[in-house]
Amino acid sequence: MGVLDRFEKGVERVVSTAFAKAFRSEVKPVELASALRREVDDRAAVVGRDRTVVPNDFTIELSPQDHEKVLAWGAEPLADELAASVTEHATQQRYAFVGPVTVVFVEDDTLEEGRFQVRGATVRGAVAPATTVAASMRHPLVDIDGQRYLLTGPVTVIGRGSEADIIVDDPGISRKHLEIRVTPDGVVATDLGSTNGTFVEGHQVPAATLVDGNTITIGRTRILFWTGVDDAEDG
């Protein structure tokens, strides 16, 4: 099953089968997914050895009619499926993001029904989906319950609250539980005054300098940390 086939299945699963049918004569979700893939391919930029950066922040401009349908059927789940489709495509092509993948819909009254425009931008954030396993001291990688993130900013906050850079659904985790800071002297994990504490390699610590392969535990969640080989990559 290809990326677009999985995307259509995801749309049906998250919203309903009726969602895709509602777009029969208007903009179809699979057309939006294809346009996002083209935007990524067209704007891919080689910035270093084995590192090609692509847009991660997308705005989809829709006609008033199509925009109304997207809102009525659920813009957020559709945006999530589109972001997942872009991420999967980037993984297959070994592209890199510098921030989280986001998709938003806006209304453009100059567009006719069935017409749309995609605008992509490269927006740096604290974390990005890990599309490769190429971690480094500059951009470490964390695995949280099987979901991998590249730390693309100097400071990353992990917690249960919406203000965290990486949100983890675990009642044993505080809203802002753990900070991971990338410095020239190493990567430092610091507990942010959490209720249940932070454990590195099984030992509760207020702060610790992390090394490749460390395991961090917060609540019932295990975080695997990797830096790999520092290849002084650009980006």
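Computation of the quantities below employed the complete heavy-atom set of this structure, encompassing side-chain atoms and omitting hydrogens, waters and symmetry-equivalent molecules. Throughout, residue positions are numbered sequentially from 1 according to the sequence presented.
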Taking the side chain as C-beta and beyond, is there a heavy-atom pair between [X] and [Y] under 4.5 Å?
X: His89; Y: Ser85; value: no
X: Thr122; Y: Asn56; value: yes
X: Pro55; Y: Arg119; value: no
X: Val142; Y: Ile216; value: no
X: Phe225; Y: Val200; value: no
X: Thr102; Y: Phe58; value: no
X: Val168; Y: Ile158; value: yes
X: Asp145; Y: Gln147; value: no

For a quick test of reading the model, state the closest non-hydrogen atom pair linking [X] to [Y] and the distance between them.
X: Pro129; Y: Val101; result: CG-CG2, 3.9 Å
X: Ala75; Y: Phe105; result: O-CE1, 3.4 Å
X: Leu141; Y: Thr132; result: CD1-O, 3.8 Å
X: Met137; Y: Val187; result: O-CG2, 4.2 Å
X: Pro140; Y: Thr227; result: CB-CG2, 4.3 Å
X: Thr87; Y: Thr131; result: O-CG2, 4.3 Å

Using atom types as modelled and distance alone, determine if a side-chain donor or acceptor of [X] lies under 3.5 Å from a backbone N or O of [Y].
X: His177; Y: Ser174; answer: yes
X: Asp143; Y: Leu224; answer: no
X: Asn214; Y: Val211; answer: yes
X: Thr152; Y: Val98; answer: yes
X: Ser63; Y: Arg115; answer: no
X: Asp66; Y: Gly114; answer: yes

Hey, could you give me each pair passing salt bridge (charged side-chain N to carboxylate O under 4.0 Å, His left out) that has a residue in residues 90-102? Not counting sequence neighbours.
-> none
Quick check on the hydrophobic clustering: are [X] and [Y] connected, directly or via other members, by side-chain heavy-atom contacts under 4.5 Å?
X: Tyr95; Y: Phe97; answer: yes
X: Leu150; Y: Val86; answer: no
X: Ile173; Y: Val205; answer: yes
X: Trp226; Y: Val182; answer: no
X: Ile180; Y: Ile144; answer: yes

With rounding to the nearest 0.5 Å, note down the distance linking [atom1] in [X] to [atom2] in [Y].
X: Gln93; Y: Thr52; atom1: CD; atom2: OG1; result: 10.0 Å
X: Thr209; Y: Asp185; atom1: OG1; atom2: CG; result: 9.0 Å
X: Ile60; Y: Leu32; atom1: CD1; atom2: CG; result: 4.5 Å
X: Leu111; Y: His67; atom1: CG; atom2: NE2; result: 11.5 Å
X: Leu178; Y: Thr190; atom1: CG; atom2: OG1; result: 7.5 Å
X: Leu62; Y: Glu107; atom1: CG; atom2: CD; result: 9.0 Å

Within a reach of under 6.0 Å around [atom1] of [X], are more than 12 heavy atoms found that belong to other residues, nucleotides or ligands?
X: Glu201; atom1: CD; value: yes
X: Asp169; atom1: CG; value: no
X: Glu76; atom1: CD; value: no

Could you go through the side-chain hydrogen bond (donor to acceptor under 3.5 Å, both in side chains) check for Asn196 and Ser194 one step at a time?
-> CA-CA 6 Å; Asn196 295 322; Ser194 68; over 6 Å; no
Which residue pairs pass the side chain to side chain donor-acceptor pair (under 3.5 Å) test with at least one member in residues 154-165, sequence neighbours excluded?
-> Glu163-Arg175
